[in-house]
Protein chains: 2
Amino acid sequence: MSKLSKRDHLVKTALELFNKHGFHAVGIDTIVQKAQVSKKTLYNHFHSKNELILATLRYYDETSRNFYVREVEKRSKAPAEQLLAIFDIAEEVFNGSSFYGCVIVKAIGEFSEIDEAIRRSCEESKRLLYEYIEALAKKSNAQEPESLAKEICLLLEGAIVMAQVSGDSQIAFIAKSMAKKCIDEQVGQTV
Amino acid sequence: MSKLSKRDHLVKTALELFNKHGFHAVGIDTIVQKAQVSKKTLYNHFHSKNELILATLRYYDETSRNFYVREVEKRSKAPAEQLLAIFDIAEEVFNGSSFYGCVIVKAIGEFSEIDEAIRRSCEESKRLLYEYIEALAKKSNAQEPESLAKEICLLLEGAIVMAQVSGDSQIAFIAKSMAKKCIDEQVGQTV
DNA sequence: TATTGGGTAGACAGAACTGTCTACCTTATG
DNA sequence: CATAAGGTAGACAGTTCTGTCTACCCAATA
């Protein structure tokens, strides 16, 4: 019980720090200090920093995708509209205080040529996101759901980078209007 | 003369390493070893690692944007087609052996909350890219060139991330077809 | 030839980071 | 109460990193 919550707390704290400052820039000492946990405890739960990073990425992957899925279903029941809702949610994320770009992309940037396990975990994460979007595309009876899903993913990734660089969360709505055109083309004037 | 070329060589080597492994992951020792230059020489030219990073980003910004501008002009004279050519060039870049995602995005991810000068340099770099695209959009008589330029930038950034994660350079052509729709909408069936 | 500038190699100091380990504390339970 | 599990604080070893500095070398030039 307390074991799980300590571990969980460590992962959450680490995610916050990694997300903000990057993975190499944040040391173990900083993490345990911020998490109010002893170094021993951290190394009881994780054999190494890279293992903590992996756990952090898995945690982010799950909570972040869960969040999107939940919010999407909250906003609409029509699959085509759900695809569009993704961008409304993204805008709110961009606007939030803990947005520093995509932590998965950050991890790939720092580890793709250094740690194979981290690289794979990141690919998996992006693949799962794609599959979720593809499933929505199929449900909305798109003519070429794979193609539409790639387009939506591309728009989402583009919006994330633009929002990170410019700080303008409204870019999400530009991406949304572009997504609408892609969807309409394949589904035929839904919204 | 030899001074300039040493400096230049250092910057090129550093860019290669930073691009591949990230900025924090690459140490000064690695750079001087790979560049076949003594540590003293490096610190004669740059006061600190961060200054070397700044020079590296400036160098990348110039050469990379120059490369795009040159290639674009080589491929077409019509501004609307030039906007599309950007994605053909991007595909070739993605396919190249030295593509590891956008080094500017990588730098923002590692330094945006750590080093203000680096952050500003990255923003400037992306701004200059945007302005180049906006200029092309204006030349192609787009109804809303700012809006079109944002769309093209978004598609380009999205394609870079997707290519980096999936390793599939063909994503550039998906972005290109999406860009074509955006352009046609504002310019009126050009290509 | 003598000198000077700019290079090399690399030792070194000092800081920071990862990971280990000891010594102590707290809390739940038999 | 006694004990055991799991926590804390933090010293410590060993490595690595940044940045400095010394000692030497080579090539061009007065």
Side-chain angles (χ1 to χ4, degrees), chain A residues 1-57 106-107 109-111 113-119 121, chain B residues 1-57 106-107 109-111 113-119 121:
Chain A
M1 175 66 96
S2 117
K3 196 174 189 177
L4 273 178
S5 94
K6 287 273 174 193
R7 201 194 126 103
D8 218 46
H9 180 57
L10 268 168
V11 169
K12 274 184 200 172
T13 308
L15 176 57
E16 219 176 296
L17 290 166
F18 289 149
N19 194 27
K20 191 164 179 178
H21 302 105
F23 294 89
H24 283 94
V26 174
I28 293 289
D29 286 342
T30 310
I31 297 168
V32 298
Q33 199 176 338
K34 174 122 194 223
Q36 296 275 58
V37 153
S38 84
K39 216 188 263 198
K40 185 79 190 286
T41 305
L42 187 150
Y43 279 102
N44 281 346
H45 289 293
F46 309 99
H47 292 116
S48 66
K49 185 184 178 183
N50 276 19
E51 208 173 277
L52 170 62
I53 291 173
L54 273 172
T56 300
L57 292 174
K106 213 169 275 198
E110 290 195 46
F111 290 105
E113 305 296 312
I114 293 172
D115 189 302
E116 187 56 28
I118 293 177
R119 159 102 205 175
S121 175
Chain B
M1 173 67 93
S2 117
K3 199 173 184 175
L4 274 177
S5 94
K6 286 276 174 195
R7 201 194 127 103
D8 218 45
H9 180 57
L10 267 168
V11 169
K12 274 185 199 171
T13 308
L15 176 57
E16 220 177 294
L17 290 165
F18 289 149
N19 195 27
K20 188 164 182 179
H21 303 105
F23 294 89
H24 283 95
V26 174
I28 294 289
D29 286 342
T30 309
I31 297 167
V32 298
Q33 199 176 339
K34 175 124 193 220
Q36 296 275 59
V37 153
S38 86
K39 216 189 262 197
K40 186 78 190 286
T41 306
L42 188 151
Y43 279 102
N44 280 346
H45 288 294
F46 310 98
H47 291 116
S48 66
K49 185 184 178 183
N50 276 19
E51 207 173 276
L52 170 62
I53 291 173
L54 273 172
T56 299
L57 293 174
K106 212 169 277 197
E110 291 196 45
F111 291 104
E113 304 296 311
I114 293 172
D115 188 303
E116 188 56 28
I118 292 178
R119 159 103 207 172
S121 175

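Computed over heavy atoms, backbone and side chain alike; hydrogens, waters and symmetry mates excluded.
- Judged purely by atom type and a 3.5 angstrom limit, Thr13(B) uses its side chain to pair as donor or acceptor with the backbone of His9(B).
- What separates NZ of Lys6(A) from C1' of dA5(D) is a distance of 14 Å, to the nearest Å.
- In this structure, Arg7(B) places its CZ atom 13 Å from P of dG7(C), rounding to the nearest Å.
- Gln33(B) CD to Ser38(B) OG: the interatomic distance, rounded to the nearest 0.5 Å, is 13.0 Å.
- The phosphate of dG6(D) has neither OP1 nor OP2 within less than 4.0 Å of any side-chain N or O from Thr41(A).
- Atom NZ of Lys40(B) is separated from atom P of dT8(C) by 11 Å (rounded to the nearest Å).
- At a cut-off of 3.5 Å, with distance as the only test, no side-chain donor of Glu113(B) or His21(A) sits close to an acceptor on the other residue.
- For DNA chain D, no neighbouring residue in residues 46-53 of chain A is found when judged by any heavy atom under 4.0 Å.
- Separating the CD1 atom in Ile53(B) from the CZ atom in Phe46(B) is a distance of 11.0 Å, to the nearest 0.5 Å.
- Side chain of Thr41(B) to backbone of Val37(B): no donor-acceptor contact under 3.5 angstrom is found.
- Checked for salt-bridge contact, Lys106(A) and Glu110(B) miss the test: no charged N lies under 4.0 Å from a carboxylate O.
- One N or O donor and one acceptor, one from the side chain of Lys39(B) and one from the base of dG19(D), sit under 3.5 Å apart.
- Ring-centre distance between Phe111(B) and His24(B): below the 6.0 Å cut-off.
- Per the geometry, CG belonging to Asn44(A) stands 9 Å off C1' belonging to dG7(D), to the nearest Å.
- When the shell of 6.0 Å around CD of Gln36(B) is examined, it contains 12 or fewer heavy atoms from other residues, nucleotides or ligands.
- Distance, Tyr43(B) OH to dT8(C) P: 15 Å, rounded to whole Å.
- Only at 4.0 angstrom or more do the heavy atoms of residues 12-33 of chain A sit from any atom of DNA chain D, so none qualifies.
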